[in-house]
Amino acid sequence: MSASATDPHHLGHHGGNMKDDDAPGRGEGGPAPQRIVTSYGFWIFLLSDIVMFSGFFAAHAVLAGETAGGPSGRELFEMPRVVQETALLLMSSFTCALGAVATERRSMAWAQGWLLVTGLLGFAFLMLEVAEFTTMIEHGAGPGRSAFLSSFFALVGCHGLHVGVGLLWLGTMMAQLWVKGFRDDILRRLSCFNLFWHALDIVWVGIFTLVYLLGSGL
Amino acid sequence: MLGKLNWGAIPIDQPIPLIAAGAIGLILAGVLAWITRAGHWPYLWREWITSVDHKRIGVMYVLLGLVMLIRGFVDAIMMRTQQAAAIGGAQGYLPPEHYDQLFSAHGTIMIFFGAMPFIIGLMNFVVPLQLGVRDVAFPTLNSVSFWLTAAGALLVNASLVIGEFARTGWLPYAPLSETGYSPGVGVDYYLWAIQISGVGTLMSGVNLVTTILKLRAPGMSYLRMPMFCWTALGSNMLIVAAFPILTATLAMLTLDRYLGFHFFTNEAGGNPMMFMNLIWAWGHPEVYILVLPAFGIFSETFSTFSSKPLFGYRSMVLATLFIVVVSFTVWLHHFFTMGAGGDVNAAFGIATSVIAVGTGVKVFNWLFTMYGGRVRFATPMLWSIAFMLVFVVGGMTGVLLAVPPADFLLHNSMFLVAHFHNVIVGGVVFGAFAGLTYWFPKAFGFRLDERWGQIAFWLSITGFVIVFGAMYVLGLEGMTRRLQHIDNVEWAPGIYVAGGGMVFMLLGVVAQVTQLVVSIRNRDALRDETGDPWDGRSLEWSTASPPPSFNFAVLPDVHGEEAYWTVKERARKEQSLGDAPQYEAVHMPRNSATGFVTAFFATLTGFALVWHIWWLVAVSLVGAYATFVAFAWRDEGEVEIAADTVAAADRARRTARQAWLDRQEGAA
């Protein structure tokens with residue numbers, strides 16, 4: 001069966017002008033190695049997570065002025081504490097990266113050490129956040145007080161929940177690393193954890209700026 | 001101990017849900033008893049429930065979709081009969097609070113648990129085969145995704161007999177869905193069912209995007225991917241970008257309902273309009289998540305059954321990506337009447353009309369694909385041609401509704417109901433049926449009975465035109481949607497006609513089931529020996545039917561746009577299949593019960609959250625976490641399939657292909 005029989009009016013292009021060697025290079029080499037695939041997939045997941053955060057950011061942008069006669073950001077936010085939180089979280093990102101360096105060098109003691117420091121810094125951050133929430137609720141400024149506070153608690157709390165889940169993951173990861181050593185699958189998971197932890201930092205920078213800095217001026 | 005749950009939750013005073021639930025329970029118990037007696041459990045557990053094979057998961061997705069389509073169809077029959085029986089003085093047989101649950105459940109089930117699993121199942125099954133690879137990027141995650149979707153479906157169906165379902169419509173508009181107006185558990189069932197299955201869908205989207213972008217056979221560059229892979233890529237990118245918005249929105253509504261937040265309430269500064277905006281910022285892309293893969297299926301069938309390459313392949317790719325982007329800029333047309341103002345309405349009206357251009361390009365390409373081809377009118381092609389005819393009508397009424405002044409007259413009318421059924425049934429469901437008949441032989445090794453397929457098609461399309469044609473007219477006559485009782489007797493003829501059309505659609509469903517039964521019975525006569533029953537053009541037809549667990553003995557080497565057609569052309573020209581390749585051992589992911597166990601705990605968590613059984617929530621979450629740790633702790637992630645096994649499987653395939661080649665020679 002010749003090409004003219006399958007396409008008598010020459011309407012389709014039959015592989016057409018594309019010769020084998022001038023095809024785009026992408027996909028030429030076959031499936032990517034597992035290490036690339038895992039990280040790539042995790043990046044896609046992180047993007048979706050950031051879209052979810054953007055939903056909460058958008059809601060906060062809409063509701064930030066709706067204090068319903070209750071306290072506003074200027075009265076509630078204690079900037080020194082927020083700065084401490086920011087410092088802790090940024091530092092934990094740094095130590096997390098140091099942990100990745102130690103992992104590259106296959107140094108179990110240093111890797112575990114830096115991961116532990118990362119976890120402690122994250123935990124301290126979370127404790128400060130819980131203290132902030134408790135103080136606000138005690139002063140009658142809980143999430144049910146106004147739409148502004150609803151969106152504040154939901155957005156910051158969602159980030160806090162991510163940090164909490166990250167800590168659980170971190171602990172599990174440290175135990176795995178301890179038992180299984182620097183196996184390929186463990187290394188892939190560690191790199192995903194690194195991506196996750198840094199992404200939480202990026203989201204926090206957004207919260208620090210848009211919620212706290214802008215909010216304390218309102 | 002049991003939160004809000006008590007005997008009052010069982011609707012003992014309402015016969016209809018009790019009988020329905022009783023019937024479902026009996027069928028379920030019967031099936032389980034039969035499986036137990038026949039001793040199929042070990043097989044089911046080993047080969048299906050714990051399977052991480054994308055083909056098995058795809059089949060299970062489609063099965064879930066089919067069962068839920070029937071459940072949603074029963075709701076539809078009840079709505080049509082209720083309306084026909086409640087005109088003027090008559091009151092029908094469904095009280096308003098039950099009718100409200102019916103139309104809410106109908107929409108929720110059809111979109112989330114009928115259409116979505118069906119489409120995701122087809123993508124799961126077909127995409128890795130078309131890309132020429134052995135599985136998706138994350139096989140175990142794939143199993144988790146499926147079982148979470150099933151968990152959501154289970155929760156929705158549990159609401160039939162334990163408690164109630166939402167009465168708010170398929171999208172729980174605030175403030176109606178807030179505790180003040182919907183104090184029962186109905187909305188909570190909706191929220192947790194959709195959240196749990198939504199996580200599954202999102203994971204499935206991440207999985208397929210990664211698969212398409214990172215796992216392709218050597219030589220399979222972007223512009224050589226079959227059109228179905230392109231539309232699957234578009235659809236899954238939309239899932240990744242849009243489903244998190246749904247998650248966030250429903251989480252906000254959940255916080256409102258459970259913890260007294262004020263996102264969408266009327267009090268304390270809450271903003272109900274924000275719910276409309278957020279839900280439709282997900283909801284409109286969702287429409288394209290469903291219909292893009294259907295467009296891909298039609299592209300495959302039009303090309304295959306016209307024995308021609310797809311016309312305008314590159315413009316098809318562009319149109320797909322155009323729709324992906326523009327689908328995020330039209331959401332406001334779902335509420336033109338809610339006070340956004342003339343300028344905003346005009347902008348969204350124009351954007352809505354513009355998105356139809358992408359679809360228009362596709363329709364012309366399909367037409368030109370058929371033009372000059374040798375068209376074979378097999379069942380998948382019938383569904384495709386019918387799609388093209390009715391979808392153009394649905395598209396036109398859509399563009400009509402996109403004009404804000406027209407929308408002010410037609411919004412919330414039966415015209416709107418007819419429009420979106422016209423595009424979703426005519427687009428997505430027809431596409432799903434075309435895909436089902438098209439790829440069925442690939443999945444099971446035998447074709448579906450052609451005669452019963454055609455009978456099912458003609459009955460369904462007749463019923464479809466009658467039902468929704470009547471609805472268009474009713475809408476133009478001013479009938480609004482979701483009416484439990486009809487005051488205006490002038491609408492009676494239209495309602496009776498629509499009811500009559502339902503009889504045809506019901507017969508169509510019966511014919512589809514018959515087709516399945518007849519085909520399974522005659523499977524030996526319908527056997528597909530060559531793996532290529534339709535003279536296909538893409539790589540899924542190059543392997544055996546059903547494919548071995550590893551799909552391809554050797555990863556295909558792709559030359560040109562139509563990977564398998566090129567291979568067949570060469571074989572015909574050279575009168576030879578080429579030398580047998582060097583076989584190597586294949587490593588495949590090991591089965592895992594992670595998905596099933598996680599979904600078990602997710603179902604428990606959802607149920608406990610609906611009924612405020614807090615200790616059970618904690619226990620189930622710990623259980624889910626433990627399941628993940630157990631999975632993460634395993635040492636052997638893969639099994640090896642020996643080179644001999646691979647070679648044996650491929651030799652059988654090559655023998656069948658050689659026989660095919662000899663027949664070709666004889667014919668020539």
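Sequence lines set the chain letters: A, B, ... in the order given, protein chains first and strands last, and positions in each chain run from 1. Below, each value reflects all heavy atoms present in this structure, side chains not excepted, and no hydrogens, waters or symmetry copies.
Interface remark: Ala281(B) contributes no atoms to any contact with chain A (heavy atom separation under 4.5 Å). Proximity to chain A (any heavy atom under 4.5 Å) is shown, for Leu141(B), by neither the backbone nor the side chain. For Ala137(B), the parts sitting under 4.5 Å from any heavy atom of chain A are the backbone and the side chain alike. Using a 4.5 Å cut-off between heavy atoms, Asn277(B) makes no contact with chain A at all. Interface remark: Phe138(B) contributes side-chain atoms only to the contact with chain A (heavy atom separation under 4.5 Å). Contacts of Thr38(A) with chain B are made by both backbone and side-chain atoms, with heavy-atom separations under 4.5 Å. Only the side chain of Ile36(A) comes within contact range of chain B, judged by heavy atoms closer than 4.5 Å. Contacts between Arg145(A) and chain B at a heavy-atom distance below 4.5 Å involve the backbone alone (N, CA, C, O). Interface residue Met203(B): only side-chain heavy atoms are found under 4.5 Å from chain A.
We find the CD1-CG distance between Ile44(A) and Leu208(B) to be 11.5 Å, quoted to the nearest 0.5 Å. In this structure, Leu63(A) CG and Met252(B) CE are separated by 8.5 Å, a value rounded to the nearest 0.5 Å. For the atom pair Ser151(A) OG and Phe263(B) CZ, the distance stands at 5.5 Å (nearest 0.5 Å). Note: Lys214(B) NZ to Ser39(A) OG = 10.5 Å, rounded to the nearest 0.5 Å. Between Ser150(A) atom OG and Asn271(B) atom CG the span is 12.0 Å, to the nearest 0.5 Å. Separating the CG atom in Leu168(A) from the OH atom in Tyr625(B) is a distance of 4.0 Å, to the nearest 0.5 Å.
The number of heavy atoms from other shown groups lying within 6.0 Å of CG (Asn266(B)) is above 12. Open room surrounds CH2 on Trp110(A); 12 or fewer heavy atoms of other groups in view lie less than 6.0 Å from it. Dense packing is recorded around CZ of Arg590(B), with more than 12 heavy atoms of other residues, nucleotides or ligands lying under 6.0 Å away. Residue Phe631(B) qualifies as enclosed at atom CZ: its count of foreign heavy atoms under 6.0 Å is above 12. Enclosure of atom CZ in Phe364(B) is not indicated, since only 12 or fewer non-hydrogen atoms of other residues, nucleotides or ligands lie within 6.0 angstrom. Within a 6.0 Å radius of CD in Gln34(A), more than 12 heavy atoms belonging to other residues, nucleotides or ligands are found. For Glu584(B), the CD atom sits in a loose shell: 12 or fewer heavy atoms of surrounding residues, nucleotides or ligands are nearer than 6.0 Å. Within 6.0 Å of atom CH2 in Trp178(A), 12 or fewer heavy atoms from other residues, nucleotides or ligands are found, so the atom counts as exposed in its surroundings.
Residues His262(B) and Ala147(A) approach most closely at O-CB, 3.4 Å, considering heavy atoms. Ala248(B) and Phe56(A) get closest at one heavy-atom pair: CB-CE1, 3.8 Å. Closest of all the heavy-atom pairs between Val51(A) and Ala241(B) is CG1-O, 3.2 Å. Contact record, Arg183(A) with Arg634(B): NH2-O, 3.5 Å, taken as the closest heavy-atom pair. Shortest non-hydrogen contact noted between Val179(A) and Trp633(B) is CG2-CZ2, 3.8 Å.
Of the listed residues (Cys158(A), Pro143(A), Ala58(A)), the greatest number of heavy-atom pairs within a distance under 4.5 Å of chain B belongs to Pro143(A). Taking chain B as the reference chain and counting heavy-atom pairs below 4.5 Å, the highest number among Phe53(A), Phe45(A), Phe153(A) is found for Phe45(A). Interface remark: of the candidates Val209(B), Leu213(B), Val133(B), Thr249(B), Leu213(B) forms the most heavy-atom pairs closer than 4.5 Å to chain A. Of all the listed residues (Leu255(B), Asn207(B), Val240(B)), the one sharing the greatest number of non-hydrogen pairs under 4.5 Å with chain A is Val240(B).
Within the 4.5 Å cutoff, the side chain of Pro31(A) has heavy atoms near those of the Leu555(B) side chain.
The backbone N or O of Gly270(B) sits nowhere less than 3.5 Å from a side-chain atom of Glu66(A) that would complete a donor-acceptor pair.
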